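Report on the following structure.
In listed order, ligands and their atoms are each counted from 1. Nothing here was measured: the structure is a model prediction, and the numbers come from that model.
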Amino acid sequence: MQASDFEFDKHHIWHPYTSLTKPLPTYGVTRADGVYLFLESGEQLVDGMSSWWSAIHGYNHPALNAAAHQQIDTMAHVMFGGITHRPAIELCKRLITLTPQSLDAVFLADSGSIAVEVAIKMALQFQVSRGKAQKHKLATIRQGYHGDTFAAMSVCDPVNGMHELFTGVLPQHIFASAPKIKPGDTWCNSDIQELHNIFKEQHESIAALILEPIVQGAGGMRFYHPEYLRQARELCDEYDILLIADEIATGFGRTGKLFACEHAQISPDILCVGKALTGGYMTLAATITTRHVADTIGNGPGGGNLMHGPTFMGNPLACAVACASLDLIIQGDWQYQVPAISAQLQAELKPCLQSSLVADVRVFGAIGVVEMHEPIDVAAAQKQFVAAGVWIRPFGKLLYIMPPYVISPEELHKLTQAICAYCLSAE
Ligand SMILES: *Cc1c(COP(=O)(O)O)cnc(C)c1O
């Protein structure tokens, strides 16, 4: 890449959540291997982001590469309407085996946001199909993030989400306060009282409760008490409301359990997975539900069809790589890697609290968060991190890392040291 390439990029290409009139600097990456990103300028950076939770096994992984090569030489893509293929069948078998027993019907979506759209559609279509069309609202908790398409956006946090820009367009759903009690702290039922009251008063219009189990990701990187989730499940049963668990960020080991729902020993009616599903190789997600939901929709109006079908549904290449990634998950190294990362994050990020700029340090599973009192200057922070040999992308007041599971203690140390150095140097 030359200077003119960066100029072109700056003027013509939107990056996530950016402006073309006030562009932020971008870094040219030419290669990625293991936990390293290689910059065109010659630096080699330890990746703290796993490309937004997805590259859990590291980049350029031999098993994932082999699966991709083998599949691309056979069949890169074929439509899923009226056609089926081994990669999709193998993937869905694995998904049904790995997820809670009651979940056994899979819709292959092409991104996380679409998996959430499909989950919402399933919930609404389920209610219509059983003659409860008046149950057409969604309930959720504040500080959530569920994606960028319109239905997903409508259940993102109304303040830090994009609601203001699209007032009047976004459907109005029902928000309870975000849970306050953290994992490990003493539980108190008052934390879930508001949700209970909402259900009590409005259950006749609520189709489903959608939430991120235990870890609220992009909406604020907050962790909450598993008892909240356990009681939310009970309340959903009591008030005839479906529970949608959005595990797009938390699925496949990130929190120390295969799925974050396991911390509360509950099973949702609808589960969304994505992000790490292909080990970060390409976009693929899935919405998985129970036989009961699938059959109710199947016996309902509209011929019983679930009304969704993306062009690239069940893309064989993505499915083949996802199978290889899930096979690595089934092998189980993550069960040792994630707790080790967690313990090291705990020990090495705590010293950041010595900085007067730091409001909170929290760790859950292989996720480390340092929350500052003030918003972070992203461009300046990023420059400092690149100089320190690490890739960390702050957002808002948050510095956070969720490294690939295969990271070594030395590589992880480099990440935590860079964060501590940033917190102390910015004082
Ligand atoms: C990232 C994310 C999504 C959206 O996934 P995309 O693939 O970016 O559309 C939805 N829910 C959660 C919890 C996420 O972290």
Region of [X] engaging ligand 1 - heavy atom pairs below 4.0 Å:
| X | value |
| --- | --- |
| K275 | side chain |
| H146 | backbone |
| Y145 | both |

Can the ring centroids of [X] and [Y] be said to lie less than 6.0 angstrom from one another?
| X | Y | answer |
| --- | --- | --- |
| F385 | Y422 | yes |
| F259 | F252 | yes |
| Y400 | F395 | yes |
| F6 | H11 | no |

Worksheet item: G147 heavy atoms, cut-off 4.0 Å: which ligand 1 atoms fall inside?
Response: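 Ligand 1 atoms under the 4.0 Å threshold to G147: 4 (C), 10 (C).
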
Fill in: For S113, the ligand 1 atoms whose distance to one of its heavy atoms is below 4.0 Å
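Result: 4 (C), 5 (O), 6 (P), 9 (O).
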
Practice prompt. Name the orientation class of the two ring planes belonging to Y224 and Y228 (parallel below 30°, tilted from 30 to 60°, perpendicular beyond 60°).
Written response: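 Judged by the thresholds at 30° and 60°, the geometry between Y224 and Y228 is perpendicular.
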
Item to complete: Specify the protein heavy atom at minimum distance from atom 5 (O) of ligand 1: its residue, its atom name, and the distance to 0.1 Å.
Response: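 Of the protein heavy atoms, G112 CA, 3.2 Å lies nearest.
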
Practice prompt. Please confirm whether I114 comes within less than 3.5 Å of ligand 1 when only nitrogen or oxygen atoms on both sides are compared.
Written response: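 I114 vs ligand 1: no N/O contact under 3.5 Å.
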
Worksheet item: ligand 1 and D246, any nitrogen or oxygen pair closer than 3.5 angstrom?
Response: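 Right, the criterion is met.
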
Worksheet item: Judged by atom type as modelled, is there a donor-acceptor pair below 3.5 Å linking the side chain of H61 to the main-chain atoms of G34?
Response: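 Absent.
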
